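As structure tokens, the structure follows; a few thoughts come after it.
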Amino acid sequence: MKRTVYIAALAAFVAGSATLTQAKTLRMAYDADPVSLDIHEQLSGGTLQLSHMICDPLVRWNNDHGFDSRLASKWERLDDTTVRFTLRDGVKHHSGNPMTADDVIWTFNRLKNSPDFKGIFTPFKEMKKADGNAVDVVTDGPFPLVLHNATYIFPLDSKFYEGKDGRGRDKAEIVKHGDSFASTNISCTGPFTVASREQGVKVSFKRNPNYWDSNSPGNVKEIVFTPIKEAPTRVAALLSGDVDFIAPVPPTDLERVRSGDGTELVTKTGTRIITLQLNQERVAAFKDPKVRLAIVHAINNEGIVQKIMKGFGTSAAQMSPKGYLGYNDALKPRYDLAKAKALMKEAGHEAGMTVSMMCPNNRYVNDAKICEAAAAMLSKINIKVDLTTMPKAQYWPKFDERAADIMMIGWHSDTEDSANFYEFLAMTPNKDTGKGQYNSGNYSNARVDEMTMKSLKMTDDAARSKVLQDVEKILHDEAAFVPLHWQDLAWAARKGTKIEPVVNVMNFPYLGDLVME
Amino acid sequence: MKAADFISFLLRRGVQALVVMFVISLIGFSIQGNLGDPLRELVGQSVSEAERNALRDRMGLNDPFFVQYSRFLGNAVQGDLGNSYFFKRPALDVILDKFPATFELVLAATLIIIGLSVPLGIYTAINPHSWITSIVMAVSIVGISIPVFLTAIFAIYIFSVQLGWMPSFGRGDTVELPWGWDSGFLTLDGLHHLILPSIALSSIMLPLFIRLIRGEMMEVLQSEYVRFAWAKGLSKRRIWYVHALKNTLIPVISLGGVKIGTLIAYTILTETVFQWPGMGFLFLEAVNRVDTPLIIAYIIVVGLIFVVTNTLVDLIYTLVNPTVKMVGSGS
């Protein structure tokens with residue numbers, strides 16, 4: 001008996017030292033830790049970052065805006081409304097249960113019931129089991145974004161969530177604001193498991209010893225994740241060597257991290273567009289496209305990127321960032337003060353006006369400073385701006401009320417597709433369909449509405465791209481909103497922690513593949 | 001002091017504490033609408049208004065103020081202050097979990113304050129013209145005018161980043177004591193992590209205490225009985241350290257006790273900068289997330305701490321200065 005234990009231990013030791021010779025511990029700090037271990041509870045960057053650490057999606061984004069195979073080994077479109085995903089064989093969940101088509105379908109149905117995720121999956125009618133370890137996704141009508149949405153399907157271990165927990169509650173239940181089994185326990189297929197978690201203080205992850213992806217170069221055996229809320233402290237922790245990897249890096253410290261002896265900075269052009277919206281219902285003058293164009297021409301967004309963002313952004317003339325189907329190469333930022341003044345004169349508003357403006361002060365990078373600059377720029381065309389800034393918690397209710405004439409909104413497309421921008425920011429607001437939910441300007445153009453909806457039924461990328469780019473052109477020409485910039489992303493690490501290959505514009509680093517020297 | 005007096009004193013204080021906490025809860029509850037919409041922090045941005053409203057209904061947030069408050073009071077008298085939205089656990093448990101971290105930080109800062117302010121205060125009072133006095137007074141003026149978070153960031157920059165002597169954040173290793181008390185006092189790593197935060201926290205009160213003790217001491221040194229003691233030919237030491245010091249400390253204790261209480265308020269900034277996992281940091285996070293049950297529970301707990309510290313100060317005051325009768329014990 002003793003002998004067998006000894007041999008087993010020895011075997012484990014030998015096996016362990018063979019595969020994990022360079023096993024490393026990664027100490028990392030983000031600005032916040034995940035709210036829950038239930039990856040279907042809240043649709044947020046934090047949840048997706050966690051999802052990619054402990055689970056795997058069917059497919060995932062690569063840095064060329066394409067898809068890489070994960071738990072789906074291949075996929076093919078069967079007809080206009082059906083896409084078949086063939087699942088990888090021999091994948092096991094953390095609990096040891098095999099990952100099956102039933103797990104994928106169970107996960108899909110759970111997503112359809114999650115208040116946060118159901119919106120993304122509305123066009124998906126159902127998911128059916130197919131022959132040979134595969135599932136069929138059926139959409140109601142042709143739908144171009146099946147793969148985009150498949151990046152949100154991280155198959156969970158359905159057997160693990162069967163039945164009731166010790167307090168008689170359904171283990172699979174999604175509970176928003178309360179304690180649930182799923183919010184503190186998770187089993188799926190990913191590279192790491194949660195070893196311990198003290199919320200708001202520390203999460204420890206351990207490498208999944210049975211991880212299916214034997215090609216992964218990742219050699220991180222343990223992760224110690226600490227949320228560090230204050231940006232200067234986070235940067236100090238990296239510079240002093242207390243942590244190996246941090247994100248986000250504030251613009252004021254980019255240079256220090258870049259030029260630091262032991263540190264390295266990685267930045268990427270982000271996909272979050274920052275805009276100002278001009279409320280046509282509150283201010284009659286904003287109904288006139290000339291006034292809106294004058295405002296767009298008066299705001300030097302390139303200057304904002306250089307001076308306030310310290311180059312940490314890309315000035316924009318449209319919503320879609322480069323790489324998206326809707327990105328229209330012809331549209332360029334158009335700061336021109338003389339033209340802005342001329343437009344105001346043409347519109348009969350040479351004398352100017354007084355308007356109110358509201359911005360958050362802790363939501364986007366330098367949000368309040370950007371608004372102060374924009375207000376100063378507008379004063380040059382005699383628009384006097386009465387600016388109020390506030391924390392995001394108070395800002396969103398104000399935004400819902402449409403409480404000011406000009407409001408700031410930043411948007412990242414959940415589907416990584418252009419149509420999502422138009423659906424939320426540019427379509428005519430409609431309480432029933434939920435379209436235009438964040439269009440506080442009340443901009444409305446039937447063609448934009450129609451073309452956006454049409455684009456969501458087109459499966460031919462080339463034709464679709466044309467439609468989406470035309471929408472950008474209309475929004476641009478009519479100055480539907482004031483484009484500012486796409487916010488960059490930045491990560492920083494100690495030298496030897498090779499983060500460059502694993503970070504991406506979606507901002508969910510694939511830490512399973514991280515190599516540390 | 002008679003036992004009956006003592007009990008009646010404690011009873012009065014108990015009633016006072018209840019009134020204070022009731023008023024705090026009412027104020028906390030009535031301002032919660034201005035803190036923002038908790039739903040925004042609980043759901044993703046693209047979730048529809050209808051979906052959010054359904055959730056608000058389920059959480060009882062759409063009920064009228066009076067209904068919500070009476071429900072809160074009903075639960076509160078049973079010791080249930082509601083569940084934190086973020087931690088998904090009873091708010092009181094979350095706070096009590098973080099209490100040891102804050103308590104140890106405040107205790108360490110208090111020890112630094114007492115350990116430095118008493119000798120420095122006395123020295124500067126006895127030797128008003130010494131060059132050390134000039135330096136101490138100059139530094140204390142600077143110290144009193146620099147905000148805590150600035151001191152903290154400078155300390156991190158110099159001692160962690162440049163010199164690499166100190167850890168930049170967190171509490172380090174802790175040891176679990178009985179009753180779930182997580183102590184950082186018992187490990188070297190924990191003590192190491194404690195140095196910068198406790199110095200930063202003490203930096204705001206230390207100059208104040210030095211000046212307070214110095215002022216009181218100088219005043220006492222001018223008083224009749226000290227002059228009489230000189231005339232009587234008592235030794236310097238006896239006059240300074242026994243007769244003068246004793247009377248110096250009486251007002252220092254009463255004011256100091258209250259000031260130490262306000263240190264708790266400064267922990268909010270210090271803990272945030274050092275990512276110290278205590279109550280103050282928790283509170284600021286709760287405000288950012290509009291975690292209303294946690295916010296209200298925090299202010300009630302802190303209100304209670306204030307009442308308790310003040311009671312203790314009054315008790316000590318009576319012990320040190322027998323001429324003062326216990327507040328509330330009648331005449």
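Convention: sequence-line order gives letters A, B, ...; per-chain numbering from 1. What you see below is based on every heavy atom in this structure, not just the backbone, and it leaves out hydrogens, waters and symmetry mates. Since the structure is predicted, the reported quantities are computational estimates derived from the model, not experimental observations.
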First locate atom OH of A:Tyr438, then atom CD of B:Gln45, and finally report the distance between them rounded to the nearest 0.5 Å. 4.5 Å
What closest approach, in Å, do A:Pro115 and B:Val47 show between heavy atoms, and which atom pair accounts for it? O-CG2, 3.8 Å
Which atoms of A:Val235 approach chain B - backbone, side chain, both or neither, heavy atom under 4.5 Å: neither
Chain B contact via A:Val35 - side chain, backbone, both or neither, heavy atoms under 4.5 Å: both
Which atom of B:Ser160 lies closest to which atom of A:Ser240, heavy atoms considered: O-CB, 3.3 Å
SB check A:Asp116 B:Arg52 (cutoff 4.0 Å): no
Working note: B:Arg89 + A:Thr184, criterion side-chain contact (heavy atoms from CB on, under 4.5 Å); need CA distance, chi angles, decisive distance, verdict. CA-CA 11 Å; B:Arg89 293 197 296 133; A:Thr184 46; over 6 Å; no
Proximity breakdown for B:Leu42 and chain A, heavy-atom pairs closer than 4.5 Å: both
How far apart are the closest heavy atoms of A:Thr233 and B:Ser168, and which atoms are they? CG2-O, 3.8 Å
Which bit of B:Asn288 is near chain A, if near means a heavy-atom gap under 4.5 Å: side chain, backbone, both or neither? both
Examine distances only and state if a side-chain atom of B:Gln275 and a backbone atom of A:Lys229 form a donor-acceptor pair shorter than 3.5 Å. yes
I need the contact set between residues 146-154 of chain B and chain A: heavy-atom distance under 4.5 Å, sorted by residue number. B:Ile153
From B:Ser84 atom OG to A:Gln199 atom CD, the distance as rounded to the nearest 0.5 Å: 7.5 Å
Is it the side chain or the backbone of B:Glu49 that comes within 4.5 Å of chain A heavy atoms, both, or neither? both
For B:Lys88, all residues meeting salt bridge (charged side-chain N to carboxylate O under 4.0 Å, His left out), sequence neighbours excluded: A:Glu41
Measuring from atom CG of A:Asn420 to atom OG of B:Ser46, what distance do you get when rounded to the nearest 0.5 angstrom? 7.0 Å
Side chain of A:Glu230, backbone of B:Val273: donor and acceptor closer than 3.5 Å? no
Using 0.5 Å steps for rounding, measure from the OG atom of B:Ser48 to the NZ atom of A:Lys435. 11.0 Å
Inter-residue atom distance A:Ile228.CD1 - B:Phe169.CZ, 0.5 Å rounding: 4.0 Å
Cut-off 4.5 Å, heavy atoms of chain A, and the answer for B:Tyr157 is side chain
If I measure from the heavy atoms of chain B, does A:Ser183 come under 4.5 Å with its side chain, its backbone, both, or neither? side chain
Checking heavy atoms, do the side chain of B:Glu285, its backbone, both or neither come under 4.5 Å from chain A? side chain
